[in-house]
2 protein chains.
Amino acid sequence: MKLNSKGRYAVMAMADLALFKDKGPISLTDISIRQNISLAYLEQIFIKLKHNNLVKSVRGAKGGYVLEHSPDTIKISKIISAVDEEIKTLNCKKDSKKGCNNKSSKCITHNLWDQLDQHINNFFEKVKLQDLIKKNQTLNK
Amino acid sequence: MKLNSKGRYAVMAMADLALFKDKGPISLTDISIRQNISLAYLEQIFIKLKHNNLVKSVRGAKGGYVLEHSPDTIKISKIISAVDEEIKTLNCKKDSKKGCNNKSSKCITHNLWDQLDQHINNFFEKVKLQDLIKKNQTLNK
DNA sequence: TTAATTCCTACCTTTACACTATGATTTAAA
DNA sequence: TTTAAATCATAGTGTAAAGGTAGGAATTAA
């Protein structure tokens with residue numbers, strides 16, 4: 001699981017969409033202002049979100065994006081993996097130069113990072129988009 | 001919690017020390033060969049491990065490093081935080097430029113990352129150095 | 001005295017991240 | 001029909017950090 005601000009921005013933007021989901025298509029300009037993320041960067045992120053069927057786009061003036069599914073069915077893990085190509089924190093694979101090979105006493109930590117990845121994935125699997133906006137409802141009413 | 005290969009190397013090296021803890025001081029040259037980590041880079045890592053009282057150094061010929069404590073008392077979290085200055089994955093602090101401020105609808109994801117950090121820390125808190133080498137004992141006997 | 005080691009600090013190289021720039025396409029509304 | 005607002009697409013860029021190297025000084029067992 002790659003944890004960077006692209007993933008964080010994606011979650012923020014999706015949460016923004018969820019908050020305003022009754023207002024029709026939300027433009028990236030709006031999200032850009034509200035969440036303080038550059039518009040052009042948001043565009044890149046939303047291409048990926050769209051390709052992963054997390055949002056639908058409405059082109060042209062008064063267009064924007066809407067959630068493809070209900071916030072209570074969207075897992076955070078889906079969002080993060082949509083914008084990050086890789087899933088692994090630290091690879092230790094056959095094909096990477098520096099990693100496991102067949103020497104003894106190598107890869108002592110292999111299982112550890114595997115378990116960590118599972119642990120993080122498991123965390124994001126359990127949290128839904130709805131869970132985020134519930135906590136902010138009073139703030140944003 | 002910063003997850004990079006410095007932290008991974010540190011854990012690998014500490015596990016190596018644990019595996020060979022009955023052989024007296026272990027030189028970084030040995031660890032470098034066994035774990036396939038550059039010697040000079042290991043030196044940097046071990047300075048930090050030493051300053052954090054995780055290892056003791058024995059200078060001069062036949063010198064090296066030994067664990068300061070028993071492997072079953074050393075938490076992985078201690079090792080990783082020793083070599084990484086930062087603890088947070090993604091900061092969202094007052095003093096950072098891009099982060100929380102008092103605008104409404106900001107920081108929707110603030111709690112999420114806080115909880116993730118706790119989750120990861122909790123994972124590394126529960127794993128001891130001994131847990132790693134147990135799994136490799138048959139391989140390295 | 002020598003070789004093996006830790007210790008220390010400065011430097012270097014590459015890469016990925018985060019972002020910008022530019023322009024094309026689509027479409028609602030004036 | 002024109003204009004402005006929006007998505008769509010891709011290439012380029014600046015920077016910081018990761019992941020090392022390099023070179024030498026200090027220490028110590030043999």
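Quick note on labels: first sequence line is chain A, next is B, and so on, each numbered from 1.
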Enquirer: Tell me which of B:Ala61 and A:Ser27 sits closer to the 5' end of DNA chain D, going by the nucleotide each one is nearest to.
Expert: A:Ser27
Enquirer: Is there a donor-acceptor pair closer than 3.5 Å between any side-chain N or O of A:Thr73 and the backbone N or O of A:His69?
Expert: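 The answer is no, because no donor-acceptor pair under 3.5 Å joins these two groups.
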Enquirer: Should B:Tyr9 be listed as having a side-chain N or O under 4.0 Å from OP1 or OP2 of D:dG19?
Expert: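 For D:dG19, OP1/OP2 do not have a side-chain N/O of B:Tyr9 under 4.0 Å.
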Enquirer: Identify which nucleotide among C:dT20, D:dT21, D:dT7 has an atom closest to any side-chain atom of B:Ala40, counting heavy atoms from C-beta outward.
Expert: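 My answer, after comparing the listed nucleotides, is D:dT21.
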Enquirer: Calculate the interatomic distance between B:Lys62 atom NZ and C:dA3 atom C1'; express it in whole Å.
Expert: 11 Å
Enquirer: Whole-Å distance between C:dT6 P and B:Ile45 CD1?
Expert: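 About 13 Å, once rounded to whole Å.
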Enquirer: Closest to the B:Arg59 side chain: D:dG19, D:dA9, C:dC7?
Expert: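 Of the options given, the side chain of B:Arg59 lies nearest C:dC7.
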Enquirer: To the nearest Å, how far apart are A:Leu28 CG and C:dC19 P?
Expert: 15 Å
Enquirer: Within the distance-only criterion (no hydrogens, no angle test), does the side chain of B:Asn121 pair as donor or acceptor with the backbone N or O of B:Asp117 below 3.5 angstrom?
Expert: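 Looks like yes, one N/O pair under 3.5 Å.
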Enquirer: Nearest to the side chain of B:Ser5, heavy atoms from C-beta on, is which of D:dA18, D:dA9, C:dT5?
Expert: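 Given the options D:dA18, D:dA9, C:dT5, the side chain of B:Ser5 is closest to D:dA18.
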Enquirer: Quick one: A:Leu39 CG to D:dA6 P, roughly how many Å, whole number?
Expert: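 So the CG-P distance, A:Leu39 to D:dA6, works out to 10 Å.
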Enquirer: Side-chain N or O of A:Ser38 less than 4.0 angstrom from OP1 or OP2 on C:dT20?
Expert: yes
Enquirer: Quick one: sort the B:His119 and A:His119 rings into parallel, tilted or perpendicular, breaks at 30° and 60°.
Expert: parallel
Enquirer: Please determine, for the side chain of B:Glu43, which listed nucleotide (C:dC7, C:dT26, D:dA9) has the closest atom?
Expert: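 Looking only at heavy atoms from C-beta outward on B:Glu43, the closest nucleotide is C:dC7.
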Enquirer: Looking at A:Phe123 versus B:Trp113, is the centre-to-centre ring distance below 6.0 Å?
Expert: no
Enquirer: Atom NZ of A:Lys48 and atom P of D:dA9: how far apart are they, to the nearest Å?
Expert: 13 Å
Enquirer: Taking for each residue the nucleotide of DNA chain C bearing the nearest heavy atom, is the 5' side occupied by B:Gln44 or by A:Val58?
Expert: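 It is B:Gln44, whose closest nucleotide lies nearer the 5' terminus.
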Enquirer: How long is the gap from CD on A:Gln44 to NZ on A:Lys6, to the nearest 0.5 Å?
Expert: 6.0 Å
Enquirer: In terms of side-chain heavy atoms of A:His51, which of C:dA18, D:dA9, C:dC7 is nearest?
Expert: D:dA9
Enquirer: By nearest atom, which of the nucleotides C:dC17, C:dC7, D:dT7 is closest to the B:Ser57 side chain?
Expert: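 Closest nucleotide to the B:Ser57 side chain: C:dC7.
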Enquirer: Output the rounded distance in Å from CG (B:Asn36) to C1' (D:dG20).
Expert: 13 Å
Enquirer: Using whole Å, what does the distance between atom P of nucleotide D:dT13 and atom OH of A:Tyr41 come to?
Expert: 18 Å
Enquirer: Within this structure, what is the NZ-to-C1' distance between A:Lys6 and C:dT15, rounded to whole angstrom?
Expert: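 Distance, rounded to whole Å: 14 Å.
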